[in-house]
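Reminder, nothing fancy here: chain letters follow the sequence lines and each chain counts from 1. These figures come from a predicted structure and were not determined experimentally.
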Amino acid sequence: MPRSAASPSALSKAIAATIRKIPRGKVSTYGAVAKAAGYPRCARHVAKVLQSVPDLPWQRVLGAGGRISLSAEYALEQRFLLQAEGIRFRGKRVDMPNFEHIFSPRRSVPRAR
DNA sequence: ACTGTGACACTGG
DNA sequence: ACCAGTGCCACAG
């Protein structure tokens with residue numbers, strides 16, 4: 001096995017993969033993505049991944065509470081893209097109760113029921 | 001090994 | 001409800 005492992009760290013891949021799972025018409029938050037990817041306290045890394053990895057549905061990732069955490073100009077574009085997917089806002093925030101994507105819980109504890 | 005980075009989350013005033 | 005400060009954690013140089 002060559003040591004030329006994949007350049008992107010496991011964390012980056014996991015986060016990127018998680019972001020790709022957010023379906024069209026839904027959104028998530030940095031914290032939620034990090035958690036779903038298996039790295040609960042790494043919300044800030046989600047931001048890093050969005051920066052470095054192209055071709056991700058970046059507009060579907062929001063700050064806590066559904067707030068857009070981009071500078072004004074980009075915020076405008078993000079909002080536009082989201083609305084184009086049918087997502088609705090309430091003031092400056094996305095109507096989270098209705099549009100937040102719920103990731104399938106990782107069943108580290110099988111048969112948890 | 002150390003320091004700076006990053007599109008954050010959370011708490012308190 | 002808004003803003004500022006503080007905590008966070010792994011990556012990149």
> Enumerate, atom names and distances included, each donor-acceptor pair closer than 3.5 Å involving a side-chain atom of residues 41-52 of chain A, sequence neighbours excluded.
residue	atom	partner	partner atom	Å
A:S52	OG	A:K48	O	2.9
A:S52	OG	A:V49	O	3.4

> Side-chain donor-acceptor pairs under 3.5 Å in residues 87-104 of chain A, sequence neighbours left out?
residue	atom	partner	partner atom	Å
A:R93	NH1	A:G65	O	3.4
A:D95	OD1	A:N98	ND2	3.4
A:D95	OD2	A:N98	ND2	2.9

> Going through the distances and angles, do A:L62 and A:L82 end up as a side-chain contact (heavy atoms from CB on, under 4.5 Å)?
CA-CA 11 Å; A:L62 304 164; A:L82 289 176; 4.0 Å; yes
> Where are the stems of DNA chain B, defined as at least 3 consecutive Watson-Crick or wobble G-U pairs with both distances under 3.5 Å?
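Paired runs of 3+ in DNA chain B: B:2-6 with C:9-13, B:8-13 with C:2-7.
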> Just by protein heavy atoms under 4.0 Å, how would nucleotides 4-11 of chain B read 5' to 3' in B, S and -?
-BBBBS--
> I'd like a table of donor-acceptor pairs (distance under 3.5 Å, sequence neighbours excluded) in which one partner is a side-chain atom from residues 70-78 of chain A, with atom names and distances.
residue	atom	partner	partner atom	Å
A:Q78	NE2	A:Q59	O	3.0
A:Q78	NE2	A:V61	O	3.2

> Verify the neighbour count for atom NZ of A:K26: are there more than 12 heavy atoms of other residues, nucleotides or ligands below 6.0 Å?
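More than 12 within 6.0 Å, yes.
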> Any side-chain heavy atom of A:V53 sitting closer than 4.5 Å to one from A:S12?
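No, side chains not in contact.
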> Rounded to the nearest 0.5 Å, what separation is found between the CZ atom of A:R20 and the OG1 atom of A:T18?
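These two atoms lie 9.5 Å from each other.
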> Using a strict heavy-atom distance below 4.0 Å, which residues from residues 81-102 of chain A are in contact with DNA chain B?
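Of all residues in residues 81-102 of chain A, none places a heavy atom under 4.0 Å from DNA chain B.
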> Considering only residues two or more places apart or on different chains, which pairs with a residue in residues 51-68 of chain A satisfy salt bridge (Lys or Arg N to Asp or Glu O under 4.0 Å)?
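For residues 51-68 of chain A: A:R60-A:E85.
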